[in-house]
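All residue numbers refer to positions in the sequence shown, counting from 1.
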Amino acid sequence: MADSTKCELWPTSGVDEVQAVIRAVYKQVLGNPHVMESERLVTAESQLCDRSISVREFVRLVAKSDFYSTRYFQKCAPYRFVELNFLHLLGRAPQDQTEISEHIIRCVEQGYDAEIDSYIDSDEYQTAFGENVVPYYRGRSSEANTKQVGYNRMSLLDRGFAQIDSAVKASQLVYAVATNSANAIKPSTSRGGAYVATEKMFKIVVTGSKFDRPRRLSNTTYIVAGDNMSPQIQRINRTSGKIVSITEIL
């Protein structure tokens, strides 16, 4: 899906170049969909064409559109929503559980708009893209991902130019991020090459949950299906539990 080609709007850019920027924003931010004429943000496009808004503000409007909200906020698991926000708006995968938890908490407490703004108003966004560069996949840049784990995780999020992100509703990184472990880069197969976590069963061992406080030294074990990992880990986080381990049940 994600493109590593830098697309920038210049003061001297002509009509064709502006249209190329608009297409690049739709492709990157919306996850490589087919955008019908009726779904385009005509007013925002016009504002970009006459330079009354920057590319960064156009990205913000696209990310806050009904198109994005319907496909990624309303229909995806929360972990999937956050990991795709990282991909679409910062061009990288989330690095650790702290990043994921921070954004889920913000979305719950402050709302959808605040969650989107937190990426676009970040120092990282400004440093990487500034005002007039379309966000792009930075997974191949050692500067963007100083850890090997970041590159590996991008392999689960970005499955090539034919992928439409809205076709995948479940988190692809919940296991790797929750356990702070690296995932193997797997070759493509007839099933798309991605690790099919939703068909697996996992054992989650937790300690320190609030409801466990009378038994401070005890652990709680959960057996969950892969497609239920995201909501289960959210419930654990809400009880201040610490995940000791997540292991696949063979």
Side-chain angles (χ1 to χ4, degrees), residues 63-64 68-69 72-125 128 135 138-139 144-154 156-158 165 168-183 195 197-198 200 202-213 216 219-248:
K64 290 185 178 181
Y68 194 89
S69 174
Y72 299 115
F73 179 60
Q74 298 176 28
K75 295 184 178 180
C76 288
Y79 266 59
R80 178 64 172 167
F81 173 58
V82 169
E83 70 190 20
L84 285 178
N85 288 343
F86 272 97
L87 178 65
H88 296 160
L89 303 178
L90 294 181
R92 67 170 176 88
Q95 299 285 358
D96 53 41
Q97 184 64 41
T98 300
E99 282 193 328
I100 292 283
S101 297
E102 174 188 338
H103 283 277
I104 287 180
I105 291 171
R106 178 181 292 109
C107 193
V108 170
E109 294 183 347
Q110 300 178 36
Y112 176 83
D113 285 358
E115 163 64 3
I116 297 300
D117 287 338
S118 69
Y119 301 92
I120 299 172
D121 292 335
S122 68
D123 291 339
E124 180 181 352
Y125 184 102
R138 298 184 292 147
N145 284 303
T146 56
K147 298 178 181 179
Q148 177 67 31
V149 68
Y151 183 89
N152 287 25
R153 287 174 184 167
M154 281 299 298
L156 291 184
L157 293 184
D158 186 272
D165 290 340
V168 180
K169 309 299 183 188
S171 170
Q172 302 300 288
L173 298 176
V174 61
Y175 175 80
V177 171
T179 59
N180 194 30
S181 59
N183 54 281
Y195 175 67
T198 57
K200 305 289 186 177
F202 296 90
K203 179 173 72 173
I204 306 177
V205 178
V206 178
T207 188
S209 297
K210 287 180 179 178
F211 51 74
D212 236 5
R213 193 160 292 169
R216 293 175 183 272
N219 291 336
T220 303
T221 299
Y222 302 91
I223 305 298
V224 298
D227 57 1
N228 195 42
M229 287 277 282
S230 179
Q232 181 61 61
I233 290 177
Q234 290 175 57
R235 288 192 287 270
I236 292 169
N237 288 338
R238 286 197 296 268
T239 62
S240 302
K242 178 181 179 182
I243 295 174
V244 176
S245 65
I246 298 180
T247 54
E248 181 182 332

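Within the model, atoms CD1 of Ile104 and CD of Glu109 stand 12.0 Å from one another, a figure rounded to the nearest 0.5 Å.
Between Pro78 and Phe73 there is no side-chain heavy-atom pair separated by less than 4.5 Å. The shortest distance between side-chain heavy atoms of Ile116 and Tyr112 falls below 4.5 Å. Side-chain contact between Thr220 and Val205 is absent, with no heavy-atom pair separated by less than 4.5 Å.
Looking at Leu84, Val82, Leu89 one by one, the single match for side chain to side chain contact (heavy atoms under 4.5 Å, CB included) with Phe86 turns out to be Val82. With respect to His88, the side chain to side chain donor-acceptor pair (under 3.5 Å) criterion is satisfied by exactly one of Tyr119, Tyr72, Tyr68: Tyr68.
A salt bridge does not link Arg92 to Glu83: none of the charged nitrogens lies less than 4.0 Å from a carboxylate oxygen.
The heavy-atom pair separating Ser122 from Leu90 by the smallest distance is OG-CD2, 4.0 Å.
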In sequence, state the C-alpha distance, the side-chain angles, and the governing distance for Lys64 and Asp117, and then conclude on side chain to side chain contact (heavy atoms under 4.5 Å, CB included).
CA-CA 9 Å; Lys64 290 185 178 181; Asp117 287 338; 2.9 Å; yes
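Remark: the backbone N or O of Gly111 is not paired with any side-chain donor or acceptor of Arg106 at under 3.5 angstrom. With Glu99 contributing its side chain and Gln95 its backbone, the two residues share a donor-acceptor pair below 3.5 Å. Side chain of Ser118 to backbone of Glu115: a donor-acceptor contact under 3.5 angstrom is found.
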